[in-house]
Student: 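Handing you a structure now.
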Amino acid sequence: MLQVSVLRAAPEAVKQRLAKKNFKDLALVDTIVQLDDERKKLQASFDDTQAKVNAASKEIGMMMGKGDKDGAEVLKQNVATWKQTLEPLKEQMAVVEKQLADALVQLPNLPAAEVPEGKTPEENVTVRSGGNIPTLGANAVPHWDLTKKYNLIDFELGNKITGSGFPVYIGKGAKLQRALIQYFLDFNTAAGYTEYLPPFMVNAASAYATGQLPDKEGQMYHATEDDFYLIPTAEVPVTNVYRDTILKEEELPVKMTAYSPCFRREAGSYGKDVRGLNRLHQFEKVEIIQIVHPEKSYAVLEEMVAHVEKLLQSLELPYRILRLCGGDMGFASAITYDFEVYSAAQERWLEVSSVSNFENFQTNRMKCRFKGADGKTQLAHSLNGSSLALPRIVACLLENNQTDAGIELPKVLQGYFGAGMIDN
RNA sequence: GGUGAGGUGGAUGAGUGGCUGAAAUCAGUAGUUUGCUAAACUGCCGUACGGGUUAAACUGUACCGCGGGUUCGAAUCCCGCCCUCACCGCCA
């Protein structure tokens with residue numbers, strides 16, 4: 001959530017930056033400033049009247065003590081009159097505050113200066129790439145054939161048990177999941193991240209704090225009986241560790257990592273895009289999250305990008321890093337880097353990680369602050385990224401490393417998997 | 001799911017209608033003093049939204065789990081909800 005003070009200070013600049021993010025309803029900025037003006041006016045007059053009531057009440061108490069019943073009666077009359085004006089003020093304030101809050105959560109975060117102009121994914125900018133795209137043999141097949149051939153994943157069985165998009169991992173397929181999760185977590189904790197195993201369901205307050213609510217309600221599975229949401233990413237429960245918290249400056253940076261299954265309802269498109277592991281309703285992911293001093297967040301962003309890049313390099317997969325253009329970025333993000341790996345049999349790039357700086361957009365909603373050396377309390381910055389999402393990594397590992405003898409695994413996984421090759 | 005107890009500031013914990021935004025202790029912090037380690041003493045030490053100031057000072061309102069009610073006045077009384085703990089039941 002943007003801070004009203006930022007809108008008030010430079011409404012036109014805010015509108016320009018919102019436009020870069022392809023946000024249409026720019027008049028909302030002026031509406032918010034007006035509502036805030038109104039809110040202030042109402043509060044001032046409410047506070048003044050309430051102050052009179054409080055003072056009179058105190059006096060009544062003293063008069064009663066002295067036995068001056070008549071004097072007290074007169075004051076009671078006054079209080080009664082003031083309170084009549086108080087009621088409508090209170091109601092108006094509630095209305096204005098609600099309008100203000102509703103308007104405020106509709107504004108997406110402002111894009112950083114480095115964010116490229118653009119509206120569609122085609123306008124994202126490739127920052128750099130690495131690894132080698134393999135040349136596959138003539139009989140190479142996509143991963144959905146490989147998972148069947150080696151009996152790693154049964155998609156039809158998932159259909160029976162739950163529905164489409166809920167694959168069942170079997171045997172070496174299941175073990176490969178476990179190996180990847182373990183490796184990713186070890187890689188992250190070695191870099192100073194503390195491991196969390198969070199709840200996989202959250203309450204509405206948590207979903208609101210990280211920005212999933214109110215506007216992405218339909219993308220989450222909702223257990224209505226208890227009003228809990230299945231998490232779409234570990235970012236939600238883990239970032240909320242620091243909701244309503246005032247940290248000490250020396251506690252920053254907070255570095256956290258967590259494995260979780262991720263649940264996404266997203267209807268999505270059909271055909272090639274959702275075939276096999278490309279898009280699922282439930283998948284596994286390891287996430288990294290940092291809460292940092294505002295002056296450091298852009299340096300930390302680069303650090304996190306380099307961290308994920310090293311992880312991909314260790315998996316020996318061909319990858320590229322994109323800086324997302326304004327129109328393709330998420331609602332809460334100020335700047336986002338996407339990581340894609342090349343799926344050699346499908347001959348397409350698949351997104352496996354997204355690393356973002358949210359600046360104080362999430363922390364403002366969450367009220368996650370820190371007390372600086374000057375004793376002043378201010379909002380921290382939050383960042384997060386995937387390291388990594390499993391399904392598309394698995395798709396690429398299988399496709400890119402297929403040989404007639406089986407699927408070769410990168411060295412870093414062999415110890416975790418207990419073998420260097422997936423074969424029959 | 002049942003029964004009982006309880007939710008107060010960073011922590012412990014007092015407070016059953018006005019003198020309480022909240023005692024006391026601990027922790028934290030600034031300073032004084034004893035040569036260091038350590039201790040003693042003194043001050044400060046919640047959050048939000050306003051007014052005010054170059055910035056402070058100062059000042060108004062709200063907040064004692066959340067929401068509502070009674071009252072001139074509520075942490076304190078009443079109602080609803082949420083949560084925690086204990087025991088029982090069920091159970092991986």
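Labels below follow one simple rule: chain letters A, B, ... track the order of the sequence lines, proteins then strands, and each chain is numbered from 1.
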Student: May I have the distance from A:Glu250 (atom CD) to B:U29 (atom C1'), rounded to whole angstrom?
Tutor: 12 Å
Student: It should be established whether A:Arg369 places a side-chain nitrogen or oxygen under 4.0 Å from OP1 or OP2 of nucleotide B:A48.
Tutor: yes
Student: Provide the Watson-Crick or G-U wobble partner of B:C49, both distances under 3.5 Å; none if there is no partner.
Tutor: B:G60
Student: Expressed as a whole number of Å, how far does the P atom of B:G9 sit from that of B:G65?
Tutor: 8 Å
Student: What is the distance from CG of A:Leu75 to P of B:G73, rounded to the nearest Å?
Tutor: 13 Å
Student: Tell me: CZ of A:Arg39 to P of B:A62, nearest whole Å?
Tutor: 16 Å
Student: With a 4.0 Å cutoff (strictly under), does any side-chain N or O of A:Asn54 reach OP1 or OP2 of B:A62?
Tutor: yes
Student: Counting side-chain heavy atoms from C-beta on, which of B:G73, B:G50, B:U61 comes nearest to A:Lys40?
Tutor: B:G50
Student: Contact class for A:Ala51 (heavy atom, under 4.0 Å): base, sugar-phosphate, or nothing?
Tutor: sugar-phosphate
Student: For B:A38, give the paired nucleotide (Watson-Crick: N1-N3 plus N6-O4 or O6-N4; G-U: N1-O2 and O6-N3; both under 3.5 Å), or none.
Tutor: B:U34
Student: Is B:C91 paired to anything, Watson-Crick or G-U wobble with both distances less than 3.5 Å, and if yes, which nucleotide?
Tutor: none
Student: If you check every side-chain atom of A:Ser57, which of B:C72, B:U47, B:A62 has the closest atom?
Tutor: B:C72
Student: Searching all strands shown, indicate the nucleotide that pairs with B:G73 (Watson-Crick or G-U wobble; both distances under 3.5 Å).
Tutor: none
Student: Do A:Lys52 side-chain atoms and A:Asn78 backbone N/O form a donor-acceptor pair below 3.5 Å?
Tutor: no
Student: Does B:G7 pair with anything, Watson-Crick or G-U wobble, both distances under 3.5 Å, and if so, with which nucleotide?
Tutor: B:C82
Student: Can you tell me, in whole Å, how much space there is between the P of B:C64 and that of B:G21?
Tutor: 12 Å
Student: Within this structure, what is the NZ-to-P distance between A:Lys376 and B:A48, rounded to whole angstrom?
Tutor: 12 Å
Student: Tell me if a side-chain donor or acceptor on A:Glu287 pairs with a main-chain N or O of A:Glu235 at a distance below 3.5 Å.
Tutor: no
Student: Return the value, rounded to whole Å, for the distance between atom CD1 of A:Ile246 and atom C1' of B:A48.
Tutor: 10 Å
Student: Is it the case that A:Arg243 and A:Ser206 place a side-chain donor and acceptor less than 3.5 Å from each other?
Tutor: yes
Student: Distance check needed: B:G28 P versus A:Glu251 CD, whole Å only.
Tutor: 14 Å
Student: Grab the CE-C1' distance between A:Met93 and B:G50 for me, whole Å please.
Tutor: 11 Å
Student: Between A:Lys248 and A:Lys371, just flag the one whose closest nucleotide in RNA chain B comes earlier from the 5' side.
Tutor: A:Lys248
Student: Hey, does the side chain of A:Ser382 reach the backbone of A:Ile291 with a donor-acceptor pair shorter than 3.5 angstrom?
Tutor: no
Student: Taking A:Asp186's backbone N and O only, do any of them form a donor-acceptor pair with A:Thr189's side chain (distance below 3.5 Å, no angle check)?
Tutor: yes
Student: How about A:Phe361 and A:Phe331: are their ring centres within less than 6.0 Å of each other?
Tutor: yes
Student: Give a yes/no answer on whether the side chain of A:Lys41 brings an N or O atom under 4.0 Å of OP1 or OP2 in B:G50.
Tutor: no
Student: In whole angstrom, give me the gap between the P atoms of B:G50 and B:A55.
Tutor: 15 Å
Student: Could you work out the separation of B:C19 and B:G73 based on their C1' atoms and round it to a whole Å?
Tutor: 13 Å
Student: Using the C1' atom as the point on both nucleotides, what is the distance between B:C88 and B:U47, in whole Å?
Tutor: 41 Å
Student: Name the residue closer to the 5' end of RNA chain B, choosing between A:Gln43 and A:Phe46 according to the nucleotide with the nearest heavy atom.
Tutor: A:Gln43
Student: Could you tell me how far B:C66 sits from B:G10 if I compare only their P atoms? Round to whole Å.
Tutor: 13 Å
Student: Quote, to the nearest angstrom, the P distance that separates B:U25 from B:U42.
Tutor: 10 Å
Student: Would you say the side-chain atoms of A:Asn364 pair up with the backbone N or O of A:Met1, donor to acceptor, closer than 3.5 Å?
Tutor: yes
Student: If you only use heavy atoms from C-beta on, which nucleotide in B:C19, B:U47, B:A62 is closest to the side chain of A:Lys58?
Tutor: B:C19
Student: Could you please name the partner base of B:A27, counting Watson-Crick and G-U wobble pairs only when both distances are under 3.5 Å?
Tutor: none
Student: Roughly how many Å apart are B:A56 and B:C79, using the P atom of each and rounding to a whole number?
Tutor: 46 Å
Student: Output the rounded distance in Å from CD1 (A:Ile60) to C1' (B:G18).
Tutor: 11 Å
